[in-house]
A.B. asks: 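This structure is in C-alpha cells; I'll ask about it shortly.
Each chain gets a letter, A, B and so on, in the order its sequence line appears, and its residues count up from 1.
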Amino acid sequence: MRLRAPVSLQTEECIGCHIIATPGIVKDWQSSRHSRIVPAQALKKKILARRVSSDSIPEVLSKVAVGCYECHGQNTDNHADSFEHNGHTINVVVSPVDCSTCHTVEARQFSGSKKAMAYRNLVDNPLYMTLADSILGHKTWVDGELTAAVASSNALRETCLGCHGTRVEVRGMKTIDTDLLGEIQVPDLSGWPNVGVGRVNPDGSFGSCTACHPRHSFSIEIARKPYTCAQCHVEPDTPAWDVYKESKHGNIYLSKKEEWDFDSVPWVLGEDFTAPTCSVCHNSLITNPDGDLLAERTHDFGSRLWVRLFSLIYSHPQPRKGDVTIIRNADGLPLPTTFAGDPATEYLIDEADQKRRKEKMTAVCGGCHSTDWYTGHFAKMDRTIEEVDRMILTATQVMQSAWDAGVADGSNPFGEAIEKRWALQWLFYANSIKYSSAMTGAPDYATFKNGWWEMSRNLEEMKEMIEQKKSTQYPVPSSQ
Amino acid sequence: MRLRAPVSLQTEECIGCHIIATPGIVKDWQSSRHSRIVPAQALKKKILARRVSSDSIPEVLSKVAVGCYECHGQNTDNHADSFEHNGHTINVVVSPVDCSTCHTVEARQFSGSKKAMAYRNLVDNPLYMTLADSILGHKTWVDGELTAAVASSNALRETCLGCHGTRVEVRGMKTIDTDLLGEIQVPDLSGWPNVGVGRVNPDGSFGSCTACHPRHSFSIEIARKPYTCAQCHVEPDTPAWDVYKESKHGNIYLSKKEEWDFDSVPWVLGEDFTAPTCSVCHNSLITNPDGDLLAERTHDFGSRLWVRLFSLIYSHPQPRKGDVTIIRNADGLPLPTTFAGDPATEYLIDEADQKRRKEKMTAVCGGCHSTDWYTGHFAKMDRTIEEVDRMILTATQVMQSAWDAGVADGSNPFGEAIEKRWALQWLFYANSIKYSSAMTGAPDYATFKNGWWEMSRNLEEMKEMIEQKKSTQYPVPSSQ
Amino acid sequence: MRLRAPVSLQTEECIGCHIIATPGIVKDWQSSRHSRIVPAQALKKKILARRVSSDSIPEVLSKVAVGCYECHGQNTDNHADSFEHNGHTINVVVSPVDCSTCHTVEARQFSGSKKAMAYRNLVDNPLYMTLADSILGHKTWVDGELTAAVASSNALRETCLGCHGTRVEVRGMKTIDTDLLGEIQVPDLSGWPNVGVGRVNPDGSFGSCTACHPRHSFSIEIARKPYTCAQCHVEPDTPAWDVYKESKHGNIYLSKKEEWDFDSVPWVLGEDFTAPTCSVCHNSLITNPDGDLLAERTHDFGSRLWVRLFSLIYSHPQPRKGDVTIIRNADGLPLPTTFAGDPATEYLIDEADQKRRKEKMTAVCGGCHSTDWYTGHFAKMDRTIEEVDRMILTATQVMQSAWDAGVADGSNPFGEAIEKRWALQWLFYANSIKYSSAMTGAPDYATFKNGWWEMSRNLEEMKEMIEQKKSTQYPVPSSQ
C-alpha cells in the first residue's frame, strides 16, 4: 500500500465532488508523489535526491499533500482566470509561477529558455508568421489563381501552437451545464484547452509544466521517457524521436527500458539506465554509480547545446537568450543567419560559451564512451553540418535564380510551389540529416528518408520547375 | 500454475496431434481464457464482469473448455468449408456466427457495423473500385501512353482486402502434403488465408473476430491495445494510431502501460488504466472506480461516433447503417457527399442521433476531464473539420477547372497524375488534420506531416500542373 | 544477486580505472553473461543450450570471465590498431575474428554472409557508387545547371556506411586529452567510431558483432528484439520493421513481449514466445516445446531465404555467395537482373537450393500454422512479386523512352529528376509491397504508403515529366 499524506480541508472538499465528477483526475493524483509526501518532508532529503528546489516553502503548504487546492488555489489575485467555485477561489490554469512555490530553480531556468518563449518566438516573428500564413491561410480558387488569407486562430492552435502553446485569455464568464451540479459559471478562455510548452497563461507567465509532466500524476518518469519529447520533436521538421528510436541508444532503450528505474533521483548512469533517453543528455541530474555528479539538472533545455542543428535557414551557434524575437541578420530579417549563410553573431553565443556547453554534454557521453569515441563522433557531426549547409546554399541559389528571373515572386518567399520546395531543403531534409548525425542513428533518415536522397532530388526537381516555368512564360521563338 | 478446464474428447484428439503438428497453436490456446474456464462458470459471473453475453449456452458446450472442436466443429452444416479431418467434420474458417454461440450480443452488434460490411462496402461501390483499379491495375507503356487494367484479385487481397477482408469461397477439395500425415484432403479456398475485419466467410457470414482477438489466445488484452487497431488504422489515409502515439493520451499509454491491467472486466478507469487507448473510447465497457457504468461495451464500432471524420470526399454525419453501398449523393454517385460538399442526408444520422452518440463518447471523456475541457476540445474539432473541408473544396474547384479546360479527363476521376493530387487532398491530408484534431495530438500531422503544409503545397502544385498542361497543349502564339 | 565469475588480473586493472573513467561500460559488462560465467562452464552445457560454439577454448581464457582484456587483448599482433595502454597491449576495435575464439561457428557463418560483405558489396560496385554519388555528391548551381561531385567519405559514413560499415584504417598515432590521465597516445583511426555490420576492421576482418549485440552487454536479448534489426531495415528502401510492426506478428509481439523470455537458449516456440520476431524466422535456434529442433541457429542471415525480395532492379533468387561484387548481368552491369528483368542466373542459387532454403523457413512457420495456411501465404507472395516486377518493367520502359527521346541523359542513370523517379519505383515502392506481402502485414505499405498508390502515381508523373520536357525542348510549331 502506498501511504497518503494528509490533505488540506480545501483539497478534501475538492476530492469529495471530483471523485464522482472526474474520478480519473483524482486517481491520477493519488498515484502521484504529490499525494504521498508533504513538502516539509521533501525538503529534508539530501541535496542530490531532492525534487523540490525552493529553500523554504510557506508554512501553510508544507504540512499537507500537494493537492487540488494547493495548486489551483495559488496566487489567485494574479490570475485573470480565477473564479468562485463552490465556495473557493481557484484558477483554471496552473502556471509555472504557481509551481515555482516549491520548484523555484526549475521555474527560473525554464523561464529563460527558448521553450518558455515558444509562443512569442513564433507569433512575434513576422517572417515565421508569413510562413505560417502561407501554410494555414485558407486558399480560394478564383480565375485560375490561388488567393490566400492569413491563418485562422483555430488553425494556428491546431498546428504550430499545439506545441508552441496558445495565448490563454479570459473573455469573460460563461455558463456551462455539468452532470453533477447542473449549470455553473466558469471563465470563458480563448485558446483553451492547450498544454503547449510556451503557453501564455492568464497570470501573464509563460509555459506549461504539464506539457512534459502530464496531467495530475506530475510524473518525472513520463517526462524522462522519450514519448513525452516525441509529442513535438518529430519528423519531418524536428525528427529527434524518429532518429533516436532507430539509433543504438534508442534500440537499447526500447529493448531494456522495463528494467530501468525512471523515477530515481538522482538518476544513476549504469544503474538506473544503461543508455540515454532525451532527458539524460539534455536536462536530467545524472550521477555515476559512486554518486558523483556528471550533469546538473536544468530546465533551460538548450543549456547543454552549443550548435543549433535546426536550420534557420542554416545551422548556427545557439541564441544567447530564450527570447529570439530580437534577432536580426545582416539583411535585417528576423533570422539567425542570412540567406547566404552568415550568422547573426551578436545574438548568438560565442566560442567560449559553445565550449562550456559542449563540455556539459560530453560529460554525459563520457559516462559510457571513451574520449576518442565522442570526439570522433562530434567531429563527424561538425563536418556533416557543414556539408548539409552547403546543400542548403545551393538550393537558395537555385531559388534566388528563380526570383531573379521573375518565374517566382519573392515578395512572399514561401507562397509558391517552388518556394515550398526550397523550404523543404532546410526545414525537413537538412534537419533530418543533422539530427541523424547528432545521434549517430537512423542512417535511413540521413540517406533515403528525408535525407540526402531528397536533398538531391529536390534540387533536380527545382531546376526542372524553373525550366518549365521559363518555357511557359517565354516560349522558344517559332523560328527554331 | 494456471488451471485448465476439462476438455471434450474431440478436442483432446485434436490436441494429441496438433501439439506435434502445430504446437504454437496449442500453446497459444492453453494461454487463453477459453482453456481455463468452462462456459457454465463464465455465465455465473456478475453482469458487468461477464465475458459471455448469451443468456444460455448449449449443454454440450457448457461443461468443457472452449477448445479446438468447440469452435471448428460448430454449425458444420452451414459451412461450405466443412470437411472430414481424421474422423471429425470441422470447418477451416471459424466465423462470427460460430462465436455467437457464447458471444451473441457482440456478434449481433458487430453484424450491423461498417466493419462487418468492410468487404462489401468497398467491392460493391463502383466508384471505390474505379479508384482501386486506378491504383492497382497493371499499367503498360504503349506509344507514349499508359494503359490500365483492372485490379487483380491478388493485388486487391494484398492491399485493400488485407484490412477489409476477402471473400473466402470453396473451389473444391485439394490434396496437400503434410509432415505428420502425408497427403491429406482439405478444402481449396479462394482468398485464404485472410483475417480482414469484413471477410465474407464460407458460411455466408461477414467478419473475422480474429482480426482483433488474434489467433488462438482470443485475447481481450491484445484487442484493447492499440497495436491491434494499428494494423489498419494508420497513415496516410486513416492515421489514427500515428496521431494517437504522439498525443498526450498516447504518451501516457506508452509510458505507463506496463502498470495497467488490460484483462480486467469491467475495465475500471483510473485503476486499470489512466489514459485511454482506442478501445476505451470506441468500444469497451468502462466503469468508474465505484463500479458505476461510464460506457457500455459495443462491437458496433461506430456507435459512439457522430461525425465521420474520414473525408468522402468531405466529412459528414455517420451513415445510418453499416451497409453504405446504398448511399447515393445528390449527383447520383455512391458517395456520402457531393463534390461540392452537400451531404446525402437521408442516408446519414440526424442531429438527435448525433447528439446521443456524442453523449456516449463524452461520458468517457468526462471520466478524467471537466465539462469545459472536452466541450472546448470538440468545438475546436468542429471548426477544424469546417476549415479543412473548405480546403478540400478549393482542391475540387481546381480539379474541376482542369476537367473543364480539357487538360484532364474526368471520365475516370482518379486516373491521371493531377487527379491523384486531388485525391491526396481529401484522402491523406485532410484526414491527417482531422484525426489530429480529434485526439488533440500530433500537431506535426496537422502541420508538416501530411497536414496543412501538404494541403497548401498540393494546391500550388496542382495549379502549376494545369498551367504546364495548358502551355503544352495550347502554346502561346509566337507573336508574343 | 547475480554472481560474478573470477576476472583476470589484466581485466581487474582495466576495471580499476574504467569504473571511474567510463562507468557505463563497466556496468554494462557487469550486466552481461560474459561477466557471470567462465567459458569452461559455458562449454559444459547441453548442445542445444550452448552459447559458445568452439569445441575448445584456450586454457588461459577458459577459467576467467570474458572481460575487457580477454576481448581487447586478443590477437594483438594481427591488429593494426593495437597500442600500448597503461602497460597492456590492446586493440581499439574488437573484430569477429576475436569473438570467434569462443564463437567459431557463428563467426564462420557470418563471414560468408552478405552482411559481412556489406561494405565491399556497396563500395566495390561501380553502379551502386554512381547511385551513391548522385545522392550524396555535393551539388553546385552554375549557369542554370547543377554540377555534381562524388560523395565525400564523411557523407558516405553518415549514410550508407552507417549500416554497411566503414573501412577502419590506422592513420598513425595521436594524442588525446582525457579527464583521468591527461594526454595519452591512441591510434588515429579513419571511419571511426562506426558499428556497421560489414565494417572492415584493422585486423583485415569483415563485420561488427556489436552491430546487433550492442556495447558491452553483448545481449542475445537485444539481438532478438526487432529494434536491433530496425536500426537498418526500415523504410523507405527496406521497410522490414515498418511492415512487421503493423503485421499480426508484430501486433502480438508489441502486446505480449513483456511476458516472453528473450534470453533463453534454446528458444522455445510457444513457451518463450508466441509470435515471431525477425530473429525467430531468420536466424535463431528454435525448438518446439518438446525440445525438438525446428530451426538451427545461423549467422548467415540469408540462409533461410530463397528469393531476394529486394529489387535490384527486380526480385531474383538469392545470390550464391555473400560477395556479390562478382555478379554481372547479361548486359555486363554489376546487377543481379537486367533492366528487362532477366536474372544473372549463374550467380544466383538454383531451384534445388531455393527449395531447401524455403523448407528451412517453413519449418518455423509450421510451428504455428497449418501447411495449407503457409503454402497459401507464399503462393500469394510469389504472385505479388511477379505483379510488382511487371510494374517495375513498365517504369523502366517509360524511363527508356525518355533516354531514347533524349529528354534524359542515361549516361548516369540516376542523375536527373526523372531518373530518381524511376529508382523510386523499384527501390522504395516495389520493396514496400513485397515486404508487406512477405509478412502478410501492413496493407497500408502495400496500398497507400509507398505501395501501389505510389507506383501508379509515379508512372503517371513520369509520363507527364516526359511530355513536359518534350514540349520544352521541341515546342509545338507556331502555326498550330
A.B. asks: Contact part of B:A211 toward chain C, heavy-atom cut-off under 4.5 Å: side chain, backbone, both or neither?
C.D. replies: backbone
A.B. asks: Flag the one option from B:S219, B:G415, B:A148 with the top tally of heavy-atom pairs under 4.5 Å to chain C.
C.D. replies: B:G415
A.B. asks: Could you give the distance from CD (C:E460) to CZ (B:F414), rounded to the nearest 0.5 Å?
C.D. replies: 12.5 Å
A.B. asks: Identify which of B:L136, B:T238, B:I135 forms the greatest number of heavy-atom pairs closer than 4.5 Å to chain C.
C.D. replies: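 Counting heavy-atom pairs under 4.5 Å, the top option is B:I135.
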A.B. asks: Suppose we screen for side chain to side chain donor-acceptor pair (under 3.5 Å). Which residues come up paired with B:K245, at least two apart in sequence or across chains?
C.D. replies: none
A.B. asks: Taking all atoms of both residues into account, what is the closest heavy-atom pair of B:Q468 and C:E464, and its distance?
C.D. replies: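 Heavy atoms of B:Q468 and C:E464 come nearest at NE2-O, 3.8 Å.
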A.B. asks: With a 4.5 angstrom heavy-atom cut-off, which part of B:V195 approaches chain C: side chain, backbone, both or neither?
C.D. replies: side chain
A.B. asks: Tell me which of these, B:I25, B:V92, B:V26, B:T159, has more heavy-atom pairs under 4.5 Å with chain C than the rest.
C.D. replies: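 Ranked by heavy-atom pairs under 4.5 Å with chain C, first place is B:T159.
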A.B. asks: Report yes or no: do B:N154 and C:T384 form a side-chain donor-acceptor pair below 3.5 Å?
C.D. replies: yes
A.B. asks: Counting neighbours of CD on C:E351 that are heavy atoms of other residues, nucleotides or ligands and sit closer than 6.0 Å, is the number greater than 12?
C.D. replies: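 Count not over threshold, so no.
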A.B. asks: Got a second to check how far C:H249's NE2 is from B:Q231's CD, nearest 0.5 Å?
C.D. replies: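 Rounded to the nearest 0.5 Å, the NE2-CD separation comes out at 10.0 Å.
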A.B. asks: Determine, stepwise, if the pair C:L459 / B:W141 fulfils side chain to side chain contact (heavy atoms under 4.5 Å, CB included).
C.D. replies: CA-CA 9 Å; C:L459 285 174; B:W141 180 245; over 6 Å; no
A.B. asks: Where on B:P187 is there a heavy atom nearer than 4.5 Å to chain C: the side chain, the backbone, both, or neither?
C.D. replies: backbone
A.B. asks: Quick one: pull up CG in C:L254 and CD1 in B:I222 and give me the separation to the nearest 0.5 Å.
C.D. replies: 10.5 Å
A.B. asks: Counting only non-hydrogen atoms closer than 4.5 Å, does B:L189 touch chain C with its backbone (N, CA, C, O), its side chain (CB onward), both, or neither?
C.D. replies: neither
A.B. asks: Which answer fits B:S134, side chain, backbone, both or neither, if we ask what part of it has an atom under 4.5 Å from a heavy atom of chain C?
C.D. replies: backbone
A.B. asks: To the nearest 0.5 Å, what is the distance between OG on C:S456 and NE2 on B:H138?
C.D. replies: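 Between atom OG of C:S456 and atom NE2 of B:H138 there are 10.5 Å.
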A.B. asks: Output the option from B:H216, B:R215, B:E416 having the highest count of non-hydrogen pairs under 4.5 Å with chain C.
C.D. replies: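 The option with the most such pairs is B:R215.
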A.B. asks: What distance do C:N251 atom CG and B:Y227 atom OH have between them, rounded to the nearest 0.5 Å?
C.D. replies: 9.5 Å
A.B. asks: Is the backbone N or O of B:P193 less than 3.5 Å from a side-chain atom of C:K380, with the two atoms forming a donor-acceptor pair by type?
C.D. replies: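 No: the side chain of C:K380 does not pair with the backbone of B:P193.
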A.B. asks: In terms of heavy-atom proximity below 4.5 Å to chain C, should B:D188 be classed as side chain, backbone, both, or neither?
C.D. replies: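 It is neither, since no heavy atom gets under 4.5 Å.
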A.B. asks: Pull out the residues in residues 387-397 of chain C that come under 4.5 Å of chain B, heavy atom to heavy atom, sorted by number.
C.D. replies: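 The list, in residue order, reads C:E387, C:R390, C:M391, C:T394, C:Q397.
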A.B. asks: Taking side chain as everything from C-beta outward and backbone as N, CA, C, O, which of these in B:L131 sits under 4.5 Å from a heavy atom of chain C? Side chain, backbone, both or neither.
C.D. replies: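 It is the side chain, since no backbone atom gets that close.
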A.B. asks: Checking C:R383 side chain against B:A155 main chain: does a donor-acceptor pair fall under 3.5 Å?
C.D. replies: no
A.B. asks: Given a strict heavy-atom distance threshold of 4.5 Å, which part of B:E419 is in contact with chain C: side chain, backbone, both, or neither?
C.D. replies: neither
A.B. asks: Should the pair C:R457 and B:W422 be classed as cation-pi, given the thresholds of under 6.0 Å to the six-membered ring centre and 45° from the axis?
C.D. replies: no
A.B. asks: Answer with side chain, backbone, both or neither: which region of B:R157 has an atom nearer than 4.5 Å to a non-hydrogen atom of chain C?
C.D. replies: side chain
A.B. asks: Let me know if B:F262 has heavy atoms under 4.5 Å from chain C in its side chain, its backbone, both or neither.
C.D. replies: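 Neither part, no heavy atoms under 4.5 Å.
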A.B. asks: Can you name the residues of residues 355-367 of chain C that have some heavy atom under 4.5 Å away from a heavy atom in chain B?
C.D. replies: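 So the qualifying residues are C:G366, C:G367.
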A.B. asks: Sub-4.5 Å heavy-atom contacts with chain B: which residues of residues 443-453 of chain C show up?
C.D. replies: C:P443, C:D444, C:A446, C:T447, C:F448, C:K449, C:W452, C:W453
A.B. asks: Count the heavy-atom pairs under 4.5 Å between each of B:A423, B:C160, B:S152 and chain C, then report the option with the highest count.
C.D. replies: B:S152
A.B. asks: Determine the option with the most heavy-atom pairs under 4.5 angstrom with chain C, choosing from B:I418, B:T228, B:I176.
C.D. replies: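 Ranked by heavy-atom pairs under 4.5 Å with chain C, first place is B:T228.
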A.B. asks: Looking at every heavy atom in both C:K463 and B:G144, which two are closest together, and how far apart are they?
C.D. replies: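 In terms of heavy atoms, the two residues are closest at CE-O, 3.9 Å.
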A.B. asks: Hey, what do you get for NZ (B:K174) to OG1 (C:T375), rounding to the nearest 0.5 Å?
C.D. replies: 7.0 Å
A.B. asks: Checking heavy atoms, do the side chain of B:K420, its backbone, both or neither come under 4.5 Å from chain C?
C.D. replies: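 Contact with chain C involves both backbone and side-chain atoms of B:K420.
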A.B. asks: At a 4.5 Å cut-off on heavy atoms, which part of C:S370 comes close to chain B: side chain, backbone, both, or neither?
C.D. replies: backbone
